[in-house]
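What follows is a single structure, written as C-alpha cells, with notes after it.
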Amino acid sequence: PDIDTSVYGAGDDWNNPGGDWAESHFSRLTDISAANVGELGLAWEYDLGTSRVQEATPVVIDGVMYTSGNLGRVYALNAATGEELWTFLPEVDMQVNRWACCDQANRGVAVHDGKVFVAALDGVLYALDGKTGAVEWQVDTIVDKSRGYTITGAPEIAGDLVIIGNAGAEYDTRGYVTAYDTSDGDEEWRFYTVPRNPAEGPQESKALEAALKTWSKDSAWDIGLGGTAWDAITYDPVFDQVIVGVGNGGPYPQAIRSPGGGDNLYLNSLVALDRETGELKWHFQETPQDNWDLTATQPMILAEVDTGGGNVRPVVLHTPKNGFFFVVDRETGKPLAANAIVRTSWADGWNLETGKPNLTPEASDYTDGAKIVFPGSPGARNWYPAAYDPGRNTYFAHVLDMGNLMFLTGPPEGATRQQKMLNAGSALIFTSDLEAAAPGLPPPVREALEATEQWQWVQDKPFSNELRAIDPMTGRTKWAVPGAGWQDRYGVLATAAGLVFHGNLAGELVARDAETGEELWKVDTGSSIMAAPMTYRVDGVQYVAVQTGFGGGGWGFVPGYSAAYQRGNANRLLVFKLGGGEVPMPKPLPPIEPAPPPPSQLAGVTPAMLAQGQALFTENCSICHSNQPRAGLPDLRRMAPNIHEVFDQIVLEGLLLPNGMPRWDDRLSPEQVRAIHAYLISLQGDLRTRELELQRRGEPLDSRSLTILSNY
Ligand SMILES: O=C(O)c1cc(C(=O)O)c2c(n1)C(=O)C(=O)c1cc(C(=O)O)[nH]c1-2
Ligand SMILES: [Ca+2]
C-alpha cells in the first residue's frame, strides 16, 4: 500500500516526549545499528538530585536537552556533554501530596517558540525562558481548589496553544482540559469531559448536553464524576484536532456514580476537539459504563495503516487500560480494529458495526458481590510509552495481563463526597496477590470470588507481563519477552535501524532486534528504569538517553528484585553513545537493621484504640506509607525515638511539610492521631521482636508487610 513512511519518526531532534509529530517514539536515526550496538557505552550521566518517580521522556532541540522530574522540576542540559544549563524547581505547597494518587509523577515538558512548558503537581502551568529557565508566565489551571486535583501529565503544543489536563478521578474531581495561548498564557478554551449537575445551570458545551443523556439524573454530581485527562493529549495536525484520552469514572462503581446505568460519556473515551474552538468533533468511548478504572488516558500514536485490501486510513493507535488494541479512524472516530491483547472479563469482544463492546456484566458488575475483573486497575497498558515503526507496521509495547478482585466498601446508596479524599467507593486486590489474600478475606467475599469463572483464570495464571511486538490491525503478537514481577513495566523506543530499546526495574537497559526480539546488547545501570529511552544526534553523534527512577501508581511497594530496592532509587539521566564508557553503579544499600526499640506504649491504650488506629492508618496513610523496609517513604515501623517524640507535630502541624508530609489537623483529631501512633508503636514492637529473632537465626530481614487490601 501507498504509505509515505518517511514523514514519520524523529530525526536529529526529538522535539516532544513522543519524539515526532505522530508521537511514535520512533527514530529515523540509524548510526547505531545491530552491527555496532554492542559498542554502546556511557557518554555522560547527570544526577537529578532526587530519589522519586521518573516517568518523563526527554526532549532534545538544537543540542539542548530539556526534561522534567518529580513534582515538575525542569532540567536543561547540553545534550552532547550533560553540562547543566539551568534547572527549575516549582514552588509547590506540599499539602498537595495528600490528594496525589500515584506519587509525584511528571511525564515531560513541551517546547515551543523558545519556551519550555511544564505543569507542576499542584496544577500550575509554567512557561519558562528556554535560555535561562526564568518564568515568563504562569497560570493556575485548577478551577476549584476545594477539590483534589493534581497534574502529572505533559503539556501538549497545538499550533500556538499549549494544552493541559489534570488528575484526580479517584478523589472528588470533574475532569477537563484547557488551552492557553503559548505567548502569554491567556485562556483560549476549556473542555469538560463529564457533565455537571443540571440543577446548577446549563452545560458548558453542546457536547456535554449530549453527554448528559448518558448519565442518571441521580448521578453523584457532588463527587465530581471523574473523567480526568491525566496523561495523553495528542495534537493531530492533519485534521487540526486535539485528541484527548479521558480517564475513569469517580466513584468507580457505576451503581454509586450513575445509579441505573448509562454509558457515562465521555469517560474512558478518545475525544477529538477542534484546535481553534475546543468543540467536539468526534468521540470514541473505549469503556462504556465504567466500573473498573479502565481509563483511555494512555499514550496515542498517529499513523496510517492499511485497514484491508490496500485501503489506507489515517488512524490513532491506542492501547488503553481495558485490554483492547484499538485502531481508530482519525477523520471519523470510528474503530477500524478492536482486538483483545489480554484476558478481558468486562467485555468479550467488540462489535465494529455498532462501535461498542459486548459487555459482560454477569462477570464484572460487583454491585451485588465481589468479582474478579480482568484487566485490573493497573491496566493491560498504562502510561509507559509504546513505540510504532511505520516501515515494519509493528507496535512495541509493554503489556500486563492481570486482573483484580473488586467489591464495594459501603452500601451503594447515599455516598457522600469526602473532600480531597479518595472517593473510589470500592476495594481491589490484584490477582497476583489473590491466592495469598483469599484466606484472610471476609467469608462472603471469599465465597463470592471462588464462585466466579475468573477464579479459574487466576488458578491458570495470576498474571503475565511481557514486552510485545504487535500487529496493529490484528492485535497479533509477533514476538514477546517476559518481564519480572507485575510491576516490571517500562516505556519503549524503536529506531529505523531495526532496534528496540527498553529499561526494566532490575536496572538493565536493553537493545533488541525489532524483527525477533532477540537481545543484542544490555547494560546493568543499577538504577530502576520505567521511563522510555529516546535517541537524538548532535554534531553527527547519535546518543541514546533514559531517565532512571522507580515510582508512580503503587509506588510504596518497591519489589525486591528491583535496583531501587537493592541500591536505592537513583534518579539519573544516563546517555549512551558508541565507544562510550562504563556506567558507574550506585553502591548496594547496607543490610536492613532490626527495627529500633519503640517507646513505651502510650498511656491508657486499649485494644479498641489499636483497632481504631489501624483503621485510620489504612484509610488515610497507607496509600503512601506502605511500611516496607525500603519503600519510597520511611517505614513507620522503624521510627527513631526523636521522631516518636514529635509524631503529633508531624501529623497534625506539618513539621515535615517541606519533605512532603502533609498536615492532617483538618481531618484527624489529636485523639485519632494518638490511636494511629499507638498502632504504629505496637507494630514496631512486634517487628523488632521478629527481626531480632531472624537476626539470631542469621536470616535476612526482608520483612515486607502484606498490605494488599487497598481502599482504592
Ligand atoms: O484517575 C486519575 O486521575 C489518575 C491519575 C493518575 C496520575 O495522575 O498519575 C493515575 C491514575 N489515575 C491511574 O489510574 C493509574 O493507574 C496511574 C498510574 C500512574 C503512574 O504514574 O504510574 N498514574 C496513574
Ligand atoms: Ca485512575
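Excluded from the calculations below are hydrogen atoms, water molecules and symmetry mates; all remaining heavy atoms, backbone and side chain alike, are included. Every number for a ligand or one of its atoms is a count from 1 in the order of the listing.
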Short N or O distance, W383 and ligand 1, threshold 3.5 Å exclusive
yes
Aromatic rings Y149 and Y176: how do their planes relate, parallel, tilted or perpendicular, breaks at 30° and 60°?
perpendicular
Can you list the ligand 1 atoms lying under 4.0 Å from a non-hydrogen atom of G168?
2 (C), 3 (O)
Only heavy atoms of A167, strictly under 4.0 Å: list the atoms of ligand 1 that pass.
3 (O), 5 (C), 8 (O)
Can you find an N or O of A105 that's nearer than 3.5 Å to an N or O of ligand 1?
no
Answer side chain, backbone, both or neither: which part of R107 comes under 4.0 Å from ligand 1, heavy atoms only.
side chain
In this structure, which one of T178, L225, V143, V177 forms a side-chain contact (heavy atoms from CB on, under 4.5 Å) with Y192?
V143
If we set the cut-off at 4.0 Å for heavy atoms, which region of N382 has an atom near ligand 1: side chain, backbone, both, or neither?
side chain
Counting heavy atoms only, which part of D293 comes closer than 4.0 Å to ligand 1: side chain, backbone, both or neither?
side chain
For W457, enumerate each residue passing the ring pair (Phe, Tyr, Trp, His ring centres under 6.0 Å) test, keeping only those at least two apart in sequence or located in another chain.
F374
One finds that the ligand 1 atoms under 4.0 Å from a non-hydrogen atom of C102 are 9 (O), 10 (C), 17 (C), 19 (C), 23 (N), 24 (C)
Are any N, O or S atoms from N248 nearer to the Ca ion (ligand 2) than 3.0 Å?
yes
For a quick check under 3.5 Å, do D293 and S377 share a side-chain donor-acceptor pair by atom type?
yes
Ligand-side contact atoms (ligand 1) for residue partner E55, heavy atom cut-off under 4.0 Å:
20 (C), 21 (O), 22 (O)
T228-ligand 1 polar pair, N/O distance under 3.5 Å:
yes
Among the N/O/S atoms of D293, select the one at the shortest distance from the Ca ion (ligand 2) and name it.
OD1
Quick check on the 6.0 Å ring-centre criterion: do Y66 and F88 meet it?
no
Name whichever N, O or S atom of E170 ends up nearest to the Ca ion (ligand 2).
OE2
Compute the ring centroids of Y180 and F117, then answer whether they are less than 6.0 Å apart.
no
Output the list of atoms in ligand 1 that are nearer than 4.0 Å to some heavy atom of K321, sorted by atom number.
13 (C), 14 (O), 15 (C), 16 (O)
Hey, do the aromatic rings of F284 and F326 have their centres closer than 6.0 Å?
yes
Please set out all donor-acceptor pairs under 3.5 angstrom arising from side-chain atoms of residues 545-552, sequence neighbours excluded.
residue	atom	partner	partner atom	Å
Q547	OE1	T67	OG1	2.8
Q547	NE2	Q54	OE1	2.9
Q547	NE2	S68	O	2.8
T548	OG1	A570	O	2.8
T548	OG1	R572	N	3.0

For N248, take its heavy atoms, then give the atoms of ligand 1 lying under 4.0 Å from any of them.
1 (O)
Please confirm whether C101 comes under 4.0 Å of ligand 1, counting heavy atoms of the residue only.
yes
So does E204 pair up with R174, basic N to acidic O under 4.0 Å?
yes
Side-chain donor-acceptor contact under 3.5 Å, Y490 with N504:
no
